[in-house]
Amino acid sequence: MSNEKKGRSNFSGSIGFVLAAAGSAVGLGNLWRFPYLAAQYGGGIFLLVYLILTLTFGFSLLMTEIAIGRKTKLSSVRAYKTLDKRFGFLGYLAAIVPVIILPYYCVIGGWVIKYAAVFLCGNANAAAADNYFGGYISHTTEPLVFFLIFIGITMIVVMGGVQKGIERVSKFLMPVLIVITIVVSVYVLTIPGSLEGVKYYLLPDFSKFSIKTICAAMGQLFYSMSIAMGIMVSYGSYVKKDVNLGSSVNQIEIFDTLVAFLAGFMIIPAVYVFSGEQGLKTGGAGLMFITLPKVFDSMPMGRIIGALFFILVLLAALTSSISVLEAIISNVMDKFHISRIKACIIIVVISVLLGIPSSLGYGVWSGIKILGLSFLDFFDYISNSVLMPIVALCTCILIGWCVGTKSVEDEVTRNGEKFVRRAIYRVMIRYVSPVCLIVILVFYTLATFGIISF
């Protein structure tokens, strides 16, 4: 197409873009963080709040980033400056986020490979032992090896380029991921007593509704939708001008929300049956690598279901790590005008060096803390609880108050499409989202340092 930026890679069409973007959105946050938050913050009421925010807050930020990418045909490091020179700093701020995230995310991805291998080899009983996970991550060599395997797989896919690498893999992985999710969810619902867990998951507990519920749901959107880290700007820059952005964003929302919803069906009823309500209060790594192996070891066909589950988590982790690395590569290629392969090798070497502290931070370097946090927890806090809300807030200011929402609206409707949620979009970007983002930034900072409970 003559109007496509010369030399710029593109997705082959709408389906390729949607599956790649959905793959980026569907990651570890959907499969371990969403079920834990849903259980902790009232089940049904959390789901309701999350759905409302997805259709308003999440939609607005997702649409903005994708539209900015397609409009400028640039990655984040140059795209924001193109819209307004005063916001050149925002491109670099957004570019820093995936650089911080990729190393520790791949460390966790290595943990997932380890557990998938353990269950595939029939060692579910060993993985269910109380000290198994703690003992494993405190080792030096084995976690580093699996970390290198995971980041190596990610690198190979991204080296293949947009269509032959990212799009081709996403078209395969996403359908497989959905099928495994449905299979495991259906099986869990057949376990005697699981309906009580379903009720716990779906029926709203209004007594648990508070500002914390809203903050938790909004924070989850950052994990779920890959917003505020330059990924969707980069992916948007690969979208052809004739693709319907409104329809594509709707499909990405559906994919992301469906997987998160089904993740709750996979995890909450099973944990509730075998560990009770107390088992649901274990979040993050504890839920994934300590509680769930015990649940799988206790249930009929647990070894098979556990293997399927960790394969599912591995696929989800890979689709997200691929998008994170691609965001970095896109920025490096745009800024320094070097080849994809050279950029990929440089970034992966740097990521390996940065990932080593996160891997060793639970073992030989466990005595080293930053602000009282382990290396991995510190990197997670800086990227997800500080930088991402700041990037999103500045994006809202840029589009809502400086260049105007019309810049995004025109890109969405450039081929005569209707912008169905135009009024909601304007209100969210200009007023609601900035206030909510400031609240998230304050609450998460206070919670991280134990000033308030979250």
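As the structure is a prediction and not an experimental result, all values here were calculated from the model.
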Considering non-hydrogen atoms only, spot the tightest contact between P269 and V198 and give its length. CG-CG2, 3.8 Å
Just to verify, which of V179, I180, I178 counts as forming a side chain to side chain contact (heavy atoms under 4.5 Å, CB included) with V176? I180
Distance (rounded to the nearest 0.5 Å) between I397 CD1 and L90 CG: 9.5 Å
Any chance you could lay out the side-chain hydrogen bond (donor to acceptor under 3.5 Å, both in side chains) test for K241 and N10, step after step, and finish with the verdict? CA-CA 10 Å; K241 293 294 186 180; N10 288 288; over 6 Å; no
Listing request: all side-chain hydrogen bond (donor to acceptor under 3.5 Å, both in side chains) pairs with a residue in residues 57-68, at least two apart in sequence or in separate chains. T64-Y425
Separation between CE (M159) and NZ (K164), nearest 0.5 Å, reads 15.5 Å
Check ion pair R422-E417 (N to O, under 4.0 angstrom): no
Taking the side chain as every heavy atom from C-beta outward, state whether S237 and L74 have any pair of such atoms under 4.5 Å apart. no
4.5 Å side-chain heavy-atom contact, I338 and I346: yes
Provide the full list of salt bridge (Lys or Arg N to Asp or Glu O under 4.0 Å) pairs with a residue in residues 84-108, sequence neighbours left out, each pair given once. D84-R86
When the ring centroid of Y235 is compared with that of F11, is the distance short of 6.0 Å? yes
Which pairs count as side-chain hydrogen bond (donor to acceptor under 3.5 Å, both in side chains) when at least one residue sits in residues 146-155, sequence neighbours excluded? T154-S321
With a cut-off of 6.0 Å (strictly less than), are more than 12 heavy atoms of other residues, nucleotides or ligands near CD1 of I341? no
Identify, with sequence neighbours excluded, every residue that meets side-chain contact (heavy atoms from CB on, under 4.5 Å) alongside V169. V157, L173, I322
In sequence, state the C-alpha distance, the side-chain angles, and the governing distance for K335 and Y92, and then conclude on side-chain hydrogen bond (donor to acceptor under 3.5 Å, both in side chains). CA-CA 11 Å; K335 180 66 177 177; Y92 290 98; 2.8 Å; yes
With the side chain counted from C-beta on, respond yes when I15 and E167 share a heavy-atom pair under 4.5 Å apart, and no when they do not. no
Can you pull the ring-ring contact (aromatic ring centres under 6.0 Å, His included) pairs that have at least one residue in residues 52-87, sequence neighbours excluded? F87-F89
Determine whether M333 and S330 make a side-chain contact, defined as any pair of heavy atoms from C-beta on separated by less than 4.5 Å. no
Side-chain donor-acceptor contact under 3.5 Å, N331 with S234: no
If we ignore angles and hydrogens, is there a donor and acceptor under 3.5 Å between the side chains of S374 and D377? yes
Heavy-atom side-chain proximity of I304 to F119 below 4.5 angstrom: no
Approximate separation, where rounding is to 0.5 Å, of I214 CD1 and L53 CG: 7.0 Å
Please find the pair of heavy atoms, one from I68 and one from A79, that lie closest to each other, and give the distance. CG2-CB, 3.9 Å
Under a 3.5 Å cutoff, is there a donor and acceptor pairing between the side chains of N30 and D256? yes
Checking side-chain polar atoms at under 3.5 Å, does Y272 have a donor or acceptor matched by the opposite partner on S194? no
Got a salt bridge between E409 and R414, using NZ or NE/NH1/NH2 to carboxylate O under 4.0 Å? no
Sequence neighbours excluded, the answer for side-chain contact (heavy atoms from CB on, under 4.5 Å) partners of A67 is L245, V408, E411
Using a 4.5 Å cut-off on heavy atoms from C-beta on, say whether the side chain of E253 contacts that of M225. yes
Audit row: S224, Q220, side-chain hydrogen bond (donor to acceptor under 3.5 Å, both in side chains) steps and yes/no: CA-CA 6 Å; S224 286; Q220 175 61 23; 2.9 Å; yes
Is the backbone of D380 close enough, under 3.5 Å, to the side chain of S383 for a donor and an acceptor to pair up by distance? yes
Heavy-atom side-chain contact between Y238 and Q163 under 4.5 Å: no
Without swapping roles, check the side chain of R70 against the backbone of V243 for a donor-acceptor pair under 3.5 Å. yes
Derivation and outcome, ring pair (Phe, Tyr, Trp, His ring centres under 6.0 Å), residues W111 and F310: CA-CA 10 Å; W111 298 350; F310 280 106; over 10 Å; no
In Å and rounded to the nearest 0.5 Å, what is the CG to OG distance from L31 to S320? 9.0 Å
What's the separation between atom CD1 in I254 and atom CG in L258, rounded to the nearest 0.5 Å? 9.0 Å
Once the angle between the rings of Y136 and Y115 is folded into 0 to 90°, is it parallel (under 30°), tilted (30 to 60°) or perpendicular (over 60°)? perpendicular
Considering only heavy atoms from C-beta outward, does the side chain of R421 approach that of L55 to under 4.5 Å? yes
Please round to the nearest 0.5 Å and tell me the distance separating atom CG of L19 and atom CZ of F255. 5.0 Å
Could you label the plane-to-plane angle of the Y104 and F379 rings as parallel, tilted or perpendicular, counting under 30° as parallel and over 60° as perpendicular? parallel
Run through F265, Y50, Y41 and flag the one making a ring pair (Phe, Tyr, Trp, His ring centres under 6.0 Å) with F34. Y50
